[in-house]
**Q** 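Once you've had a glance at the structure underneath, I'll fire off some questions.
Side chains included, hydrogens not; waters and symmetry mates left out as well; all remaining heavy atoms used.
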Amino acid sequence: MARLTALLSVLVLSGPVQAQDIVLPEPTSGAAPEAAAGSSPPEAAAIEVAPAIRDGAVQKAEQSAATPAPAHVSGLAPVSALPDQIRMGASLPQPGILRLTGEVAAITLALELPADAAPAQGLRLDLRSAINILPDTAAMQVTVNDAAPVDLPLRNFGDFRAVDLPAAALKPGVNRIGITLRQPHRVFCGPDASFAVWTELNLARSGAVLTGRAAASAQDFARALQQQVRAGLPLTVLAPEGTDPGVLRQLTDALGSAMQGRAFIQIRTPYDMAPRPGASVLLVPAEAPQLDYRLDGSGAPVMAVAYRDATLPDMAEVLQALASTTPQADAELLAPGQPATLAQLGQGDIVGNTRYFRQDIPFRLPDDWLLLANQKARLDLHYGHAANLPQGSILLVKVNDETVRLLPLDRDGGKLLAPLPVGFAARLLHAGVNRLSFEMMVPGNPPDIACPPRQTDMLVIARDSSLTVPRSPAMRLPGLAATLTGLSAPSVRADPQAADPARMQLAAAQLAASLRPAAQPDPAASLVVMDFSTLPNALADVSLRALQEALFPAPPPAATPAQPVPTFRLSAAEPAAPEPPAQPARSWSPLAWLTRLGDRIGKSAFLASGENLSDWLAGRRGDALLIVLDPDQPQALGLILGPDAQIRGIGRALDALRSSGQGHGGAALLSNDGSSQLWSPVALPRLQEPVTAANLFPILGNYASWSPFLFACALLGLGLLSVLPALAIVIVYRKRRLR
């Protein structure tokens with residue numbers, strides 16, 4: 001344990017561990033604890049600090065006990081989840097970087113200070129703004145708890161620069177930091193200009209400036225980890241090379257379960273000299289399992305987990321502290337057949353004051369909700385807009401990014417209008433998470449000067465607006481969605497026959513830790529992380545070349561040699577442009593016409609794709625392929641990682657498939673940017689409730705919409721069958737009359 005203490009001293013003094021600070025000798029068998037210097041007992045699992053470094057670390061630690069520690073910053077965190085794509089208002093385009101976009105923007109941040117912390121020396125904000133902001137009038141207003149707001153001019157248009165504010169209103173516990181921005185554009189005014197004005201805040205380097213380092217604890221570690229997870233930063237687990245994969249998986253599973261899969265865990269070695277984003281975990285072998293907490297050189301807490309053999313120390317206290325943190329709210333469940341107001345969906349009054357404005361309202365539908373016919377859903381929209389908005393101002397009402405209504409905003413303004421019923425096709429909705437969106441665009445008048453200041457709000461959508469979704473029979477489209485919904489972290493494992501088992505084990509551990517808990521876990525659901533070394537039987541008929549072209553990075557295009565420019569000229573007239581090559585005349589034949597007609601009927605006969613997987617992969621690009629390993633066991637999934645697959649992006653794509661319920665089909669091509677492409681072979685929707693008189697027509701409508709061609713053939717067949725009894729009756733009576 002003395003060696004572990006010395007290693008932690010190096011961590012405390014230097015921040016990230018340097019490669020020259022730690023020596024990892026080979027373990028010696030049979031060595032006693034009292035062995036001579038240079039040997040290492042087996043129970044220490046070969047962790048040793050070089051004596052010179054160790055003595056220097058102890059000496060520096062003794063000196064640091066008498067001198068005050070340098071100041072460090074306790075990071076800020078958003079109160080609610082933010083999108084990772086640039087949106088109007090607040091977003092997290094990069095981990096730990098908060099961007100506030102638009103002429104006006106506001107956000108509330110949380111800053112939690114320990115109860116025994118020394119009084120803060122100040123509130124630090126690390127800022128930078130876009131060059132398009134008008135510096136004379138652009139300003140930020142900062143409010144700490146209930147104190148008077150402080151105005152800051154926005155003049156930093158280069159790299160991030162720290163601004164210190166008074167911190168008299170900060171207190172132990174949770175503090176509210178309100179930020180309101182006014183960012184007029186320099187020259188232009190309009191929807192496009194709204195995206196050109198923004199201010200970014202580095203959350204990791206912003207917060208309360210604290211001096212004096214109290215002993216770290218489980219609560220301090222959990223608090224710091226909660227703040228960095230809300231800021232979009234990962235948790236770093238430092239594990240030396242050769243660490244038992246089973247022990248590492250135990251640790252990541254425990255941390256991921258406590259954080260409910262809302263944090264990405266990156267696994268690195270202590271030799272990695274790259275900076276760590278906030279709190280981190282150090283996993284080391286030792287003589288006995290033990291848990292310890294320290295602060296690194298930047299003031300961030302480090303939880304040292306010392307294990308022996310396959311036994312981890314008791315982490316109940318820190319796991320309970322992590323589990324007690326407030327999780328990010330999921331989308332509210334909407335009950336079909338009953339109107340739900342925006343307030344019931346977790347959305348208050350919507351106020352838009354930027355030339356381009358968009359507000360997304362997520363909500364969930366039951367997992368067995370399915371309507372494919374022409375049933376109607378309805379939005380009772382209660383809205384109003386300012387008077388005298390420029391001509392061409394519009395409001396788009398969207399459902400899952402499909403525009404269902406366009407409303408002009410250049411007339412009848414200045415008041416809240418009567419509720420407007422907006423009907424739309426219910427087939428635009430699906431099981432899982434859906435989005436209702438309001439998108440406003442107000443052109444500049446004129447667009448080539450700065451926007452004039454406004455005294456009124458542009459758009460208001462009242463929270464009593466309601467959404468009504470019709471009921472549906474309990475039906476589901478077959479595919480990956482059902483298995484992904486019931487997948488749990490222990491069911492994610494690595495392929496033991498992979499060519500690079502270490503990479504697959506790390507990928508499986510990271511994916512499992514970032515997997516959110518299932519509402520109803522399915523013990524039969526499983527996911528195997530694999531590479532190209534052992535392809536499953538489900539891909540036996542798939543071209544290996546098609547797989548490689550889809551998952552391997554595209555080769556750079558070959559450079560064609562430049563043709564030499566002619567230096568001679570034989571005529572003073574302009575050379576005539578070459579005529580395009582004549583297209584061959586398309587011959588018509590009955591067989592070719594029937595073939596084309598059959599192809600069109602085949603493509604439109606089903607809601608799903610009639611292509612096989614090889615043909616579907618042609619021309620597509622991705623970084624991982626999610627498939628069903630065995631058609632006879634649809635609950636066993638496989639994830640084939642490409643050489644450039646990034647686990648964080650692939651995990652986001654998996655989480656999006658789980659939450660949206662859109663994983664219909666037999667395979668999905670996942671990308672590092674979190675997007676996915678679905679291959680849906682022909683398969684009938686599955687009915688999960690008895691057929692009754694009440695649900696007969698919706699069921700028939702779903703089947704008819706799934707395949708109009710087959711439904712028409714079935715009706716034609718029933719019509720022909722109904723003719724047979726009539727023919728039989730005619731024939732029988734005719735014979736009797738002829739007698």
Side-chain angles (χ1 to χ4, degrees), residues 15-16 73-102 105-111 124-133 140 154 156-163 177 179 181 183 194-207 224-237 259 261-268 272-280 298 300 328 354 356 358 360 510-511 513-514 623 644-656 670-675:
V73 176
S74 177
L76 291 173
V79 175
S80 58
L82 298 179
D84 54 7
Q85 297 178 349
I86 296 177
R87 300 287 178 88
M88 198 57 51
S91 61
L92 286 171
Q94 303 176 39
I97 303 298
L98 170 67
R99 172 175 285 197
L100 297 171
T101 307
I107 191 174
T108 300
L109 302 174
L111 175 60
R124 179 168 298 171
L125 299 179
D126 204 36
L127 302 168
R128 70 175 179 182
S129 300
I131 191 62
N132 298 305
I133 290 179
M140 169 186 287
L154 298 177
N156 179 28
F157 306 124
D159 295 332
F160 283 99
R161 184 179 301 171
V163 178
I177 311 297
I179 295 179
L181 292 179
Q183 304 180 121
S194 296
F195 283 99
V197 287
W198 48 261
T199 294
E200 289 185 339
L201 178 65
N202 190 327
L203 296 173
R205 299 194 308 202
S206 302
L225 182 55
Q226 175 194 12
Q227 290 178 342
Q228 75 183 57
V229 167
R230 285 182 175 178
L233 295 169
L235 168 63
T236 303
V237 174
M259 294 184 293
R262 301 182 186 276
F264 176 72
I265 295 180
Q266 62 178 2
I267 301 173
R268 290 159 42 181
D272 194 339
M273 293 181 289
R276 299 188 298 272
S280 57
S298 62
Q328 300 172 2
T354 54
Y356 176 88
R358 174 164 177 158
D360 294 332
Q510 291 174 305
L511 286 173
S514 61
D623 299 289
D644 290 344
Q646 300 175 9
I647 304 304
R648 187 169 194 177
I650 301 302
R652 286 170 45 205
L654 277 176
D655 184 70
L670 312 180
S671 300
N672 290 332
D673 60 359
S675 62

**Q** Going by heavy atoms in the side chains, are Leu203 and Pro78 under 4.5 Å from each other?
**A** yes
**Q** Write down the atom of Gln85, the atom of Ser91, and the distance for their closest heavy-atom approach.
**A** O-CB, 3.3 Å
**Q** Provide the closest heavy-atom pair for Ile133 versus Phe157 in the form atom of the first, atom of the second, distance.
**A** O-CZ, 4.0 Å
**Q** What heavy-atom pair brings Ala513 and Ile265 nearest, and what distance separates the two atoms?
**A** CB-CD1, 3.6 Å
**Q** Report yes if some heavy atom in the side chain of Pro234 is under 4.5 Å from a heavy atom in the side chain of Gln510; otherwise report no.
**A** no
**Q** Restricting to side chain to side chain contact (heavy atoms under 4.5 Å, CB included), what partner residues turn up for Asn202, sequence neighbours left out?
**A** Ile97, Asp126, Phe160, Ala204, Arg205
**Q** Under a 3.5 Å cutoff, is there a donor and acceptor pairing between the side chains of Gln183 and Thr199?
**A** yes
**Q** Compare every heavy atom of Pro93 with every heavy atom of Ile86, then report the nearest pair and how far apart it is.
**A** CG1-CB, 3.8 Å
**Q** Sequence neighbours excluded, which residues qualify as side chain to side chain contact (heavy atoms under 4.5 Å, CB included) partners of Ile107?
**A** Leu82, Ala90, Leu98, Leu100, Leu109, Ile179
**Q** Which heavy-atom pair separates Pro95 from Gly232 by the least distance, and what is that distance?
**A** CB-O, 3.2 Å
**Q** Whether the side chain of Ser194 engages the backbone of Tyr356 through a donor-acceptor N/O pair (distance < 3.5 Å, no angle test) should be reported.
**A** yes
**Q** Take Asn672 and Ile650 through the test side-chain contact (heavy atoms from CB on, under 4.5 Å) and record every step on the way to the result.
**A** CA-CA 6 Å; Asn672 290 332; Ile650 301 302; 3.8 Å; yes
**Q** Can you find a pair of side-chain heavy atoms, one from Leu76 and one from Leu125, that are under 4.5 Å apart?
**A** yes
**Q** With a 4.5 Å cut-off on side-chain heavy atoms, are Asp623 and Gln646 touching?
**A** no
**Q** Write out all pairs satisfying salt bridge (Lys or Arg N to Asp or Glu O under 4.0 Å) with one or both partners inside residues 76-86, taking only residues at least two apart or from two chains.
**A** Asp84-Arg652
**Q** Looking at side-chain heavy atoms only, is the closest gap between Val229 and Leu235 below 4.5 Å?
**A** no
**Q** Nearest 0.5 Å, please: how far is CG in Asp655 from CG in Leu511?
**A** 11.0 Å
**Q** Determine the minimum heavy-atom distance between Asp159 and Arg128, stating which atoms define it.
**A** O-CB, 3.9 Å
**Q** Could you check Asp360 against Arg358 for salt bridge (Lys or Arg N to Asp or Glu O under 4.0 Å), going step by step and ending with a plain yes or no?
**A** CA-CA 7 Å; Asp360 294 332; Arg358 174 164 177 158; 2.9 Å; yes
